[in-house]
Each structure stands twice: as C-alpha cells, then as structure tokens.
2 protein chains.
Amino acid sequence: MAHKTISDEEMMTRALELFRTYGFHGVSLKQLADSMGLEKASLYYRFPGGKDEIALAMVRAVDSIIREHVFKPLYAAGTSPRRRVQLACEQLREFYAGGKKSCTLDVMSIPGASEEVRAVLRETLQGWLDAFTTVAREGGLTATHARIRAEEAIVRIEGALVISRVLGENACFERTLKQLPDFLTVA
Amino acid sequence: MAHKTISDEEMMTRALELFRTYGFHGVSLKQLADSMGLEKASLYYRFPGGKDEIALAMVRAVDSIIREHVFKPLYAAGTSPRRRVQLACEQLREFYAGGKKSCTLDVMSIPGASEEVRAVLRETLQGWLDAFTTVAREGGLTATHARIRAEEAIVRIEGALVISRVLGENACFERTLKQLPDFLTVA
DNA sequence: GTCTATAAAGAGATAGAC
DNA sequence: GTCTATCTCTTTATAGAC
C-alpha cells in the first residue's frame, strides 16, 4: 500500500475550486487530475464512478463544511441572534472569498451533473433555509415572516454573487452581507 | 442561392434555449445543429467562428430583446413609474417562463465563453441598472437611493432564479416579481 | 446554403505493470 | 495507490460535392 500523495480533503478542495469556477461541464477529468497532481487513471481508483462521483463527493463535502461553519453558529445558544448572523456572515464572506468565488448551488444546479448531485444541493439549501428561519424566529419574527426573510436572505446572497461575477467586482456582495444581520433579526 | 430553412431569429431562439439551460460548456455544436434542423457544417457557413460566435450572437440577440421588451417600457413617458415597472415585470415573467428558465447573465458568465460574450453581459446588466435607476428616480427616490434599489432589484431577480432552479419550483420567483413595483418606486 | 465525409484533438474510461 | 498505454466516443473544425 503506497501512501497517498494527496489527502481526500485536499482533493475535495481542488475539485471544489474547479467546479465552482467552471461548472460541471466545464471541468474535465484531466483538469481535475492535474490540479491534484495525479493521473486520470488514479482518480478512477479513488472514484470508480468518474467525474459524476467526484462531483457528488464535492457537493457533499461542501454540505458538511457549510453545516459546520455557517449553519452551526446560527443555532448556538448563549449568543444573540443578531450576533450569530454576524458570525455566519463572516464565514460566508470567507467561503465566497468576498464575492469573488461562485456558489455551488448556482453553478452545480445547471443540468449536467447527476440527479444525486442536485438532491444534495436541495438538502444544503433546505438546511440553510432552516438555519436562517430559526435564527430569525429567535430574533423575534413570526414563523411565517421568519421563513420568508430566510428565503429572501439567501436570494440576496445568491443574486449578489451572480452580479459580482458578471461585473467582476464585489461591492454588491459586501453590501448584501452587511445588511443581513438586521434583515434577519429586526422586524 | 438556396433559401434558408431557418431564419436567423429562429436560430437565436434555439441557441438561447440550449445555452440558458445547459450553459456554454454544456452545449455542443451537434446539439445546436440538431435543434435548428441543420448539420454542423451548415452552422460554420453562417458562423465561421463556431460555438464562440454563436454564443456571442445569442447574447447580443438577448441584449436586443431585453432592451426592447423590458428596458424600453421603463422609459415610456405618459405612464406612472409604478405601472411601468409592472409592465416590465410582465415581460420578465414571460422571458424567464415564470422562473422556470435561467438567466443568461447567470449561466453565460461562468468562464468558458469568450471575453466578448462577457462584455455583452456587462453591457446588458448596465442597461438594466440604468433603466431601473431611472424609473426609481422618477418614482421619487434620490439618485443614490434609486441606484441602490435598482441594483438590489436585479440581485433579487437573479437570486430568485437560482433558488427556483435548485428547488425546481417558482414560488420564490413569483414572490420576488410581485414586490418589485413597490420596491422600485416607494421610498 | 446545405450536405456528406473526414480529419484532428479531447473527452471519459479501462487494463495491466509496478 | 499510482503509473503508462490504450480504447472508444465525442467534439470542434474543414474540404469538397451538390
């Protein structure tokens, strides 16, 4: 058993950077292998299902990362709802590199990836809606209102990322993030 | 000179439907040719630059269509600003098929298409910002405020389209459109 | 203006050596 | 576990007949 030259985690990081930038169709196995310092055939040892399986593992990894770094802080007791949203926003700012990097919910939902990939995207989005809704409720909003604000908050983040990508600047994304704490917790 | 079996306009319609659904990388010349009822080689007669040129012609066509159907009504004198936004929203609802179809600003801005394509996308977005800003000013908002609302209105539309694509439903998009007339014209 | 045919490169995928 | 080599299919693109 020869040792791995690259960890599973590092592989997912490289795959994420490629897929979030170019989308599922825009990334080839050769690009993935090159970015990981491996040959294509080596990828098939780890991922017998090829590109589909790599993409699926990647969106699952993103789901775990986001749940840990963004959703979890939103449920943390002992901190005010508004402060929790602030902390989540800091994590989002980092994940999206201040608006310079795209969201996998956006690029990976374009048809091409497997139905399993799309199912994971829906689960991630659902978890995000739940987390935002919960913190908004604890911030004092009614159940109905909290849910609507949660959805609109995510709408704004996703939209700002699209606009930032088109314009090649991130002022829009930063402005959006700044509004979030009040938007989610002030009726 | 044999007659064309498909008009230029019809070609752009077919290209638009493919590109907005699968993105630049996700569409092949064979798919484009099939959708137009032509052979690949015939496409090279009309578009010597291949897929890049077809994509460029497509985003230019979309720019024209949107300027005519969405931006122009926003500048129409003799109608109240709020009513003008309502009319524009009806056109947007049709163009995006009630939220079921993606925006080319979103999918075509993913790297892969030429720099010229991205330049057209920026121009379209700029025209959109200008049109929304103008109508918001005429609705009574200050210059600064109008511009911010315009940007946020587009952010909401783009974000809602992404969420609708992920969830496979359009309630989010419809709710977003419904808010727009007031959002853009009421301080 | 559209076709058939084909070239040339790139894609995903597998076999087998080490 | 990673490699080289290869296979097959798809893709972009061109040549030339009609």
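Reckoned from all heavy atoms, side chains included, excluding hydrogens, waters and symmetry mates. Here is how names work: the chains are called A, B, and so on, in the same order as the sequence lines, proteins then strands, and each is numbered from 1.
Atom C1' of nucleotide dT11(D) and atom CD1 of Ile54(B) are separated by 13 Å, given to the nearest angstrom. Put simply, OH on Tyr45(A) is 17 Å from P on dG16(C), counting in whole angstrom units. The nearest whole Å value for the distance from the CD atom in Glu39(B) to the C1' atom in dT12(D) is 15 Å. Between the P atom of dG1(D) and the CD1 atom of Ile6(A) lies a distance of 14 Å, rounded to the nearest Å. Nucleotide dC3(C) holds its C1' atom 17 Å from the CE atom of Met36(B), rounded to whole Å. Taking atom CD on Glu10(A) and atom P on dG1(D), their separation rounds to 18 Å, with Å as the unit.
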Enumerate all atom pairs, one protein N or O and one N or O from nucleotides 9-13 of chain C, separated by less than 3.5 Å.
from, atom 1, to, atom 2, distance (Å)
dG12(C), OP1, Leu29(A), N, 3.4
dG12(C), OP1, Lys51(A), NZ, 3.4
dG12(C), OP2, Leu29(A), N, 2.7
dA13(C), OP2, Tyr44(A), OH, 3.1
dA13(C), O5', Tyr44(A), OH, 3.3

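In this model, the phosphate group of dT2(D) is approached by a side-chain N or O of Thr5(A) to a distance below 4.0 Å at OP1 or OP2. The side chain of Ser42(B) contributes an N or O atom lying less than 4.0 Å from OP1 or OP2 of dC3(C).
No hydrogens or angles considered: a donor-acceptor pair under 3.5 Å links the side chains of Arg165(A) and Ser102(A).
No single ILVMFWY cluster, assembled from side-chain heavy atoms under 4.5 Å apart, contains both Ile148(B) and Ile163(A). Cluster membership check: Ile65(B) does not share its hydrophobic cluster with Val70(B), using side-chain heavy-atom separations under 4.5 Å among Ile, Leu, Val, Met, Phe, Trp and Tyr.
Lys101(A) is linked by a side-chain hydrogen bond (donor to acceptor under 3.5 Å, both in side chains) to Glu17(A), counting only residues two or more places apart in sequence or in another chain.
The cationic atom of Arg149(B) (NZ for Lys, CZ for Arg) does not lie both less than 6.0 Å from the six-membered ring centre of Phe132(B) and within 45° of the ring axis.
A distance-only check finds a donor-acceptor pair linking the side chain of Arg14(B) to the backbone of Ser35(B) [under 3.5 Å].
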